[in-house]
Protein chains: 2
Amino acid sequence: MARTAGSHSDITGPRIRAAALRLFAREGYAAVSMRQIASEVGLQVGALYNYTPDKQSLLFTLMDEHMTALLAAWQEEPKGAVPEERLEAFTRFHIRFNLERADAVFISYMELRNLSPENFLAVEAQRRAYETALEQILSDGVAQGVFAMADPKVASLALIAMLTGVNTWYRAGGRLSLSQVQGIYWDMVRQMVQAR
Amino acid sequence: MARTAGSHSDITGPRIRAAALRLFAREGYAAVSMRQIASEVGLQVGALYNYTPDKQSLLFTLMDEHMTALLAAWQEEPKGAVPEERLEAFTRFHIRFNLERADAVFISYMELRNLSPENFLAVEAQRRAYETALEQILSDGVAQGVFAMADPKVASLALIAMLTGVNTWYRAGGRLSLSQVQGIYWDMVRQMVQAR
DNA sequence: GTCTATAAGGTGATAGAC
DNA sequence: GTCTATCACCTTATAGAC
């Protein structure tokens, strides 16, 4: 990646996306202007268009990067071979990863309606792939007789909603540590699927 | 909102709020203009200000009415005396009520950041009252030895997130009826709290 | 109660100088 | 790569006629 010495192009792009992520999460995509983003980064508005063709692409890039990172991180997460170990790994992973990226999680749920139809389909496909990973763990457990539930598909959606909900109330430095929260949720998940 | 005999204020007001609810849910508060709302109702924009002092009050009214209706409906919901019966009633009630008012539920979660500080506190207090109603059921069950969970407060937030999540995927006429969905979720909730 | 007209200012995006 | 200036249009809210 040869760049002219002193060029900022390799750092300005990420800074723009970081500012947009923070502002979109705090105020909403429609409520944030390109001027606001530029000012946050210390640029004039015209300069932004060297990094994104338009505002909508900026939003899509943020969501796409987030979903791609989520899927990649779960692939690389260490996890055991049996369903119960895999479900515990998923529970702890989901809580930790989503808390670390609260702004991106918020945007990826709230701003779906601001995506163009093609962009929406792309993000939806990634979301479904993630849901399917959990559903597979649940189905395997049912097939092996170690889990019990009426509908693994619905259960996977219910579990993800429950785990993502941590983001709405957890604050670092509060009553519970991350590891305590992970433990409490794993207890609930385990009871829900009747593991052991 | 003073009314005069023969005026339409008693029907126009609700129509404006219904249009705003639908549009805010579909496109987001910031993305919807007062002109859009007026046009939906068949008015010019100036007429809207006979019914709301500004756009923000319109949003607050929608959220406040929704939360008030939610709390009132739960108060009036028939429910048994023992924790297990009350938890089943809560589970079925929450799913049904929220599915019936999907737009208001969506707005009441997504547009909290667009409320003024006082209005935000008012809505938050109602939300907390609803959460506390569930937490009380769980605590009672633990005290009576019929439920088992590490943290009733966290469990109440987890359950509400799980149940509200139905709104993101359920569609009438799909694979499952409302009553089947209620049954599947009650199974999961019961297992999670170890009822029976 | 609704209308039209208007105030005051913000919007995304582009052109062309440097 | 960034700037300034600009285009065409949209925004919330209000004033005053009817």
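Here is how names work: the chains are called A, B, and so on, in the same order as the sequence lines, proteins then strands, and each is numbered from 1.
A salt bridge is defined here as a Lys NZ or Arg NE, NH1 or NH2 lying under 4.0 Å from an Asp or Glu carboxylate O, and E65(B) with R101(B) fails to meet this definition. Ion pairing between a basic and an acidic side chain is recognised when a charged N comes within 4.0 Å of a carboxylate O; D10(A) and R15(A) show no such pairing. Under 4.0 Å is where a charged nitrogen must lie from a carboxylate oxygen, and between R128(B) and E131(B) no such pair does.
In this structure, of dT2(D), dG12(C), dT2(C), it is dT2(D) that holds the atom nearest to the side chain of T12(A). Nearest to the side-chain atoms of L43(A) among the listed nucleotides dA13(D), dT2(D), dT14(C) stands dT2(D). Of the candidates dT2(D), dT14(D), dA13(C), dT2(D) carries the atom nearest the A47(A) side chain, counting heavy atoms from C-beta on.
Between Y51(B) and the phosphate of dT2(C), there is a side-chain N or O to OP1/OP2 separation shorter than 4.0 Å. Contact annotation: S33(A) does not reach the phosphate of dG10(C) (side-chain N/O to OP1 or OP2, under 4.0 Å). Contact between the side-chain N/O atoms of Q44(A) and the OP1/OP2 oxygens of dT4(D) is found at a separation under 4.0 Å. Close to dA13(C), at under 4.0 Å from its OP1 or OP2, lies no side-chain N or O of T52(A).
Heavy-atom distances to DNA chain C give each of A31(A) and P53(A) a nearest nucleotide, and the one nearer the 5′ end belongs to A31(A). Along DNA chain D, the nucleotide closest to Q36(B) and the one closest to G46(B) are compared, and the more 5′ of them pairs with Q36(B).
Rounded to a whole Å, the CE atom of M34(B) is 8 Å from the C1' atom of dA13(D). Distance CG (N50(B)) to P (dA13(D)): 14 Å, rounded to an integer number of Å. When the P atom of dA13(D) is taken as reference, atom OH of Y49(B) falls 4 Å away, rounded to whole Å. The interatomic distance linking D54(B) (CG) with dT11(D) (P) rounds to 17 Å, in whole Å. Put simply, CD on Q56(B) is 18 Å from P on dT11(D), counting in whole angstrom units. If you take CG of L59(A) and C1' of dG12(C), they are 15 Å apart, rounded to a whole angstrom. Rounded to whole Å, atom P of dA13(D) lies 8 Å from atom NZ of K55(B). We find that OH of Y29(A) is positioned 13 Å from P of dT11(C), with the value rounded to whole Å.
Using a 4.0 Å heavy-atom distance criterion, V41(B) is classed as making no nucleic acid contact.
Checking H94(A) against Y185(A) by side-chain atom types alone, no donor-acceptor pair falls below 3.5 Å.
The ring of F97(A) has its center no closer than 6.0 angstrom to the ring center of F90(A).
Rounded to 10°, the helix from dG1(C)-dC18(D) to dC18(C)-dG1(D) has 0° between the axis fitted to its first five pairs and the one fitted to its last five.
Under the 30°/60° scheme for interplanar angles, the aromatic rings of W74(B) and F93(B) are found to be tilted.
Contact annotation: the side chain of M110(B) never approaches that of F106(A) to less than 4.5 Å [non-hydrogen atoms, C-beta and beyond].
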Stepwise side chain to side chain contact (heavy atoms under 4.5 Å, CB included) check, L43(B) with T12(B):
CA-CA 10 Å; L43(B) 292 174; T12(B) 304; 3.9 Å; yes
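With hydrogens and angles left out, the side chain of R35(A) and the base of dG12(C) share a donor-acceptor pair within 3.5 Å.
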